Amino acid sequence: MTIPSAIKKISDTVWELPTSYKAGMLVPARIIATEKLIGTMDAGVFDQVTNVACLPGIINYAYCMPDGHWGYGFPIGGVAAMDPETGVISPGGIGFDINCGMRLVLTNLTYDEVKPHLRELVDALFYRIPTGVGCTGFVRCSQDEFRNVVEQGSRWCLKHGYAWPEDLEMTEEGGCFPGADASKVSHKAIERGYDQVGTLGSGNHYCEIQVARPENIYDEETARAFGFTIPNQVAIMFHCGSRGFGHQVATDYLQIFLGVMERKYGIKVLDRELSCAPFHSPEGQDYFAAMKCAVNMAFANRQVILHRIREVFSAVFHKDPEELGMRMVYDVAHNTAKLEKHTVAGKKREVLIHRKGSTRAFGPGMEGIPDCYRETGQPVIIGGSMETGSYLLAGMKSGAETFFSTAHGSGRTMSRHQAKKMIRGQKLQRDMEERGIYVRTDSWGGLAEEAGAAYKDIDDVVAATELAGLSKRVVRLVPVGNIKG
DNA sequence: ATGTCC
């Protein structure tokens, strides 16, 4: 058993490690999980979340979500709010794949209508959306033009014919974090990123055709508000981020911070991977402006991929995407730092929220979500493994406990190495096809790494977020087709 | 996650 004996059970879904657990902790650490899920967490989670609790300026608690697992510095599933005046910003609290996120798109097609075209659709998606390590996209832009992409995000896509105006409304911050400054990004990052707009990438990035079966609608009214109105309605969910560009931004600033953190700012951390700088320092502000560029690159990336998905469906069904009802439900970001207003000790104030493998989940009535979702709360998209299905949830008022943050996926239980040893990609593809899921990949090893068996049970993760009052189930979506890198 | 090591 890896659970530390010092852990206190606060409720059925909240576990706390007190500041006495480790020297230097400024606040306690809280892990959101059921008893079953906390038992599956690796020891690294407890070590990392309590390291985060030592970071200067941290407010209330260092959190880990129910899908939490070991990551770089912070656990994946980590949430930390910092005081912008006295606190730090840490790339390890955001992740290498800055603004890795999920997007969900509807159709007005039923599974019966899609089934005869499924192979054609998946093959066309696989052909039209570049996948795999180092893949490049069809968007031709110069390195100078790419600076506009990263400063404008989805707005650039709208100007260049890759977006519907309403897509921007359905994206956090309109698909553009304000304050992005390309002059704070290295030439190397620009070089790595300028030809990668509209590409899926590798690892756990995928694009999936899914079905909303009537028995999987948990909240009929909210499902309708989110656009699920037909039995066995087909939707497309995809997951990707800022590719080599975001990775380079993170790498560059981790290095810069290591040089100044202790020498210039006198900050000591328990793990070099928690390299950070005061938020208000020149280095901290430069990273914040560069990070926003990577956030916007990821929004633009998902926007161009959406454009391609619409083209593919349009070509297969000989109808306009509008006629096929291909509107965006929402786009959620997993790996960001943001200034948000939250109630802390009874007072509304601005805090710097790090979410790393965690989804913002604003509740009903909150500012910053589209008007059409004002009553329901923000749509929350949680991607499961490609074998087991995914969820659409809604933010809840009780999400205040975690600064309105929730889980982002299943969370690995098996390392990539271990999964590749145990599972053969080609056999997995055949097995999945027998179960009605047609999958295309350019890496058998990569496919094996993403097998359902390598992940926590998505139903457990989602149930834990609902029980904890962070997000409630609306629709469970089952996969029928998948392309992955 | 990632031109999976400049």
Side-chain angles (χ1 to χ4, degrees), chain A residues 44 48 65 67-78 90-103 129-137 143 146 150 185-207 238-255 258 273 275 290-291 293-295 297-299 301-302 305 332-337 354-359 383 385-386 408-412 414-421 425 441-450 454-455 483-485:
Chain A
Q48 292 189 319
M65 296 295 117
D67 52 337
H69 54 109
W70 179 86
Y72 184 93
F74 279 54
I76 295 161
S90 175
I94 293 152
F96 277 88
D97 190 5
I98 297 166
N99 192 10
C100 176
M102 315 274 324
R103 190 172 282 215
I129 304 168
T131 58
V133 180
C135 61
T136 55
Q143 296 189 10
F146 183 65
V150 303
V185 166
S186 70
H187 182 65
K188 197 172 174 186
I190 300 280
E191 256 183 346
R192 282 182 71 173
Y194 82 100
D195 58 357
Q196 292 192 318
V197 180
T199 63
L200 204 57
S202 66
N204 62 3
H205 290 166
Y206 64 85
C207 174
F238 60 100
H239 179 218
C240 63
S242 50
R243 309 283 288 105
F245 178 71
H247 191 274
Q248 192 60 45
V249 168
T251 306
D252 290 339
Y253 279 92
L254 279 165
Q255 204 56 41
L258 273 177
E273 295 183 355
S275 161
M291 182 215 74
C293 290
V295 165
M297 151 64 180
F299 282 142
N301 192 25
R302 291 198 284 276
I305 289 173
V332 297
H334 289 160
N335 291 3
T336 63
H354 293 72
R355 292 192 184 92
K356 193 246 194 102
S358 169
T359 309
S385 79
M386 59 188 181
H408 82 306
S410 289
R412 298 196 77 88
M414 211 184 274
S415 72
R416 294 189 172 279
H417 182 74
Q418 202 181 345
K420 240 189 311 210
K421 265 198 329 204
T441 178
D442 51 21
S443 163
W444 294 120
L447 189 72
E449 289 177 357
E450 296 305 315
Y455 281 89
I483 68 165
K484 73 163 304 308

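Since the structure is predicted, the reported quantities are computational estimates derived from the model, not experimental observations. Order of the sequence lines sets the chain letters (A, B, ...), proteins ahead of strands, with each chain counted from 1.
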Touch class at under 4.0 angstrom, heavy-atom based, for A:Lys188 against every strand present: base
Toward the 5' end of DNA chain B, by each residue's nearest nucleotide, A:Glu450 or A:Val133: A:Glu450
Spacing between A:Gln255 atom CD and B:dT2 atom C1', to the nearest angstrom: 16 Å
Spacing of A:Gln248 atom CD relative to B:dC6 atom C1', expressed in whole Å: 11 Å
Any donor-acceptor pair under 3.5 Å from A:His354 side chain to A:Ser90 backbone: yes
Below 4.0 Å: OP1/OP2 of B:dT2 and any side-chain N or O of A:Ser202: yes
Nearest-Å distance for atom pair CG/C1', residues A:Asp442 and B:dT4: 15 Å
Audit row: A:Asp97, A:His205, side chain to side chain donor-acceptor pair (under 3.5 Å) steps and yes/no: CA-CA 11 Å; A:Asp97 190 5; A:His205 290 166; 3.2 Å; yes
Qualifying residues under side chain to side chain donor-acceptor pair (under 3.5 Å), relative to A:Tyr455, sequence neighbours excluded: A:Arg412, A:Glu450
Atom pair distance, as rounded to whole Å: NE2 in A:His205 and C1' in B:dT4: 14 Å
Interatomic distance, A:Phe96 CZ vs B:dC5 P [rounded to whole Å]: 12 Å
Nucleotide B:dC5, atom C1' - distance to NE2 of A:His247 in whole Å: 12 Å
Sugar-phosphate, base or nothing in reach of A:Glu449, heavy atoms under 4.0 Å: nothing
Under 3.5 Å side-chain donor-acceptor pair for A:Ser242 and A:Asn99: no
For atom CD of A:Glu191 and atom P of B:dT2, their distance in whole Å: 18 Å
Spacing of A:Ile98 atom CD1 relative to B:dT2 atom C1', expressed in whole Å: 12 Å
Touch class at under 4.0 angstrom, heavy-atom based, for A:Gly244 against every strand present: sugar-phosphate
